[in-house]
Amino acid sequence: MMDIPEAISNLNLCRAFKGHNPDIMDCVLPIADKEFFVEDSREAGCTIYTGKKIDDKSCKVSNSTDEAVILLPIDGKFIINHKGGIADSALFNTKDFHFIEFKSNAEGNTDNAVKGTYSKAMDQLNETLNIFESKINAIDIDFRKKVNVTCHIIVSETFPRNSAAEQTNAIAFAKRTKGIPLECDNEIEFL
């Protein structure tokens, strides 16, 4: 039997998602590297771990803690064909839980296209947050009190960025989710 990483037992994710197909332990990947990259892979159909930066569509992860970070590819791996869409993945340890939505193939040709990209990503992150929070809270663990939850939208380096619009989206997302932060940087840090 496989040892359950502390980050998974901390939230009792095996119990929270008991009976889920596939089993959560068949989907997770512990990563002990101090620096690594994750990206959304069309070939793999889910988020994957890479030891080095492949292109401008990846997310850099820095881990200055002594514990491994768990990668859970959600969309297309742990949860398949969810109506309305869900976040691509989660990265977490015993203190922090990061939901990630990659919009790295989005093209921001117009203001409406950019708004649509962020709006869809926020909907997907919110839906995934609701799924995890309801499952974890149902087993008497307060998800938001047990770990610091943050959501991330990852876009390519060529996507037209507007910091004022991103701040507006972050404020709207925090209101919608009762305080969950939304980040739009292509870097995640575990401190």
Heavy-atom side-chain proximity of [X] to [Y] below 4.5 angstrom:
X      : Y      : value
Asn10  : Lys95  : no
Ser62  : Lys60  : yes
Thr47  : Ile100 : no
Phe36  : Leu91  : yes
Asn162 : Val114 : no

Taking all heavy atoms of [X] and all of [Y], pick out the closest pair and write down the distance.
X      : Y      : result
Ala87  : Glu101 : CA-OE1, 3.3 Å
Thr94  : Val147 : O-CG1, 3.5 Å
Lys146 : Leu11  : CG-CD2, 3.6 Å
Thr50  : Val38  : OG1-N, 4.5 Å
Lys77  : Pro22  : O-CG, 3.4 Å
Leu71  : Ser89  : CD1-CB, 4.1 Å

Rounded to the nearest 0.5 Å, what's the gap from [atom1] on [X] to [atom2] on [Y]? Could you check?
X      : Y      : atom1 : atom2 : result
Asn21  : Asp26  : CG    : CG    : 9.0 Å
Asp23  : Cys14  : CG    : SG    : 6.0 Å
Ile136 : Phe17  : CD1   : CZ    : 6.0 Å
Asn126 : Ile131 : CG    : CD1   : 10.0 Å
Ile4   : Leu13  : CD1   : CG    : 10.0 Å
Glu6   : Ile70  : CD    : CD1   : 10.0 Å

TODO: Check whether more than 12 heavy atoms from other residues, nucleotides or ligands sit under 6.0 Å from atom NZ of Lys115, and answer yes or no.
DONE: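 Open: at most 12 neighbouring heavy atoms sit under 6.0 Å from NZ of Lys115.
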Open item on the list: How about CG on Asp142, more than 12 heavy atoms from neighbouring residues, nucleotides or ligands closer than 6.0 Å, or not?
Closed with: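 Above 12, so yes.
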TODO: Kindly write out the residues that satisfy side-chain hydrogen bond (donor to acceptor under 3.5 Å, both in side chains) with Ser156, not counting sequence neighbours, or none if the list is empty.
DONE: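 With neighbours one apart ignored, the set is Thr158.
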Between [X] and [Y], is there shared hydrophobic-cluster membership here, with clusters defined by ILVMFWY side-chain heavy atoms closer than 4.5 Å?
X      : Y      : result
Val149 : Ile79  : yes
Ile80  : Val28  : no
Ile154 : Leu129 : no
Tyr49  : Ile24  : no
Ile31  : Phe37  : no

TODO: Could you tell me whether the side chain of Asp88 and the main chain of Phe102 form a donor-acceptor pair under 3.5 Å?
DONE: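 Judged by distance alone, yes, a pair lies under 3.5 Å.
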Determine all donor-acceptor pairs shorter than 3.5 Å in which one atom belongs to a side chain in residues 177-188; sequence neighbours excluded.
from: Thr177; atom 1: OG1; to: Phe173; atom 2: O; distance (Å): 2.7
from: Thr177; atom 1: OG1; to: Ile180; atom 2: N; distance (Å): 3.2
from: Asn186; atom 1: ND2; to: Val155; atom 2: O; distance (Å): 2.6

- [ ] Sort out for me which residue in Phe97, Phe99, Phe143 forms a ring pair (Phe, Tyr, Trp, His ring centres under 6.0 Å) with Phe92.
- [x]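 So, applying the ring pair (Phe, Tyr, Trp, His ring centres under 6.0 Å) to Phe92 and each of Phe97, Phe99, Phe143, only Phe97 qualifies.
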Task: side chain to side chain contact (heavy atoms under 4.5 Å, CB included) evaluation trace for Gln124 with His82 - done: CA-CA 10 Å; Gln124 290 171 271; His82 186 79; over 6 Å; no
Task: salt bridge (Lys or Arg N to Asp or Glu O under 4.0 Å) partner of Lys53, chosen from Glu157, Glu39, Glu35 - done: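 The residue from Glu157, Glu39, Glu35 that satisfies salt bridge (Lys or Arg N to Asp or Glu O under 4.0 Å) with Lys53 turns out to be Glu157.
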Task: Inter- and intrachain pairs under side-chain hydrogen bond (donor to acceptor under 3.5 Å, both in side chains), touching residues 128-141, at least two apart - done: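 Of all non-adjacent pairs touching residues 128-141, those that pass side-chain hydrogen bond (donor to acceptor under 3.5 Å, both in side chains) are Glu133-Arg144.
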Open item on the list: Could you check whether Asn105 and Lys57, counting side-chain N and O atoms only, form a donor-acceptor pair closer than 3.5 Å?
Closed with: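 Per modelled atom types, Lys57 and Asn105 side chains form a pair under 3.5 Å.
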TODO: Indicate the ring-plane relationship of His98 and Phe190, choosing parallel, tilted or perpendicular according to the 30° and 60° boundaries.
DONE: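 Rings of His98 and Phe190: perpendicular, as their planes differ by over 60°.
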Open item on the list: Which label fits Phe78 and Phe132: parallel for a plane angle under 30°, tilted from 30 to 60°, or perpendicular past 60°?
Closed with: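 Rings of Phe78 and Phe132: tilted, 30 to 60°.
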Open item on the list: Could you check whether Arg176 pairs with Asp123 (Lys NZ or Arg NE/NH1/NH2 to Asp/Glu carboxylate O, under 4.0 Å)?
Closed with: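 Result for this pair is yes, salt bridge flagged.
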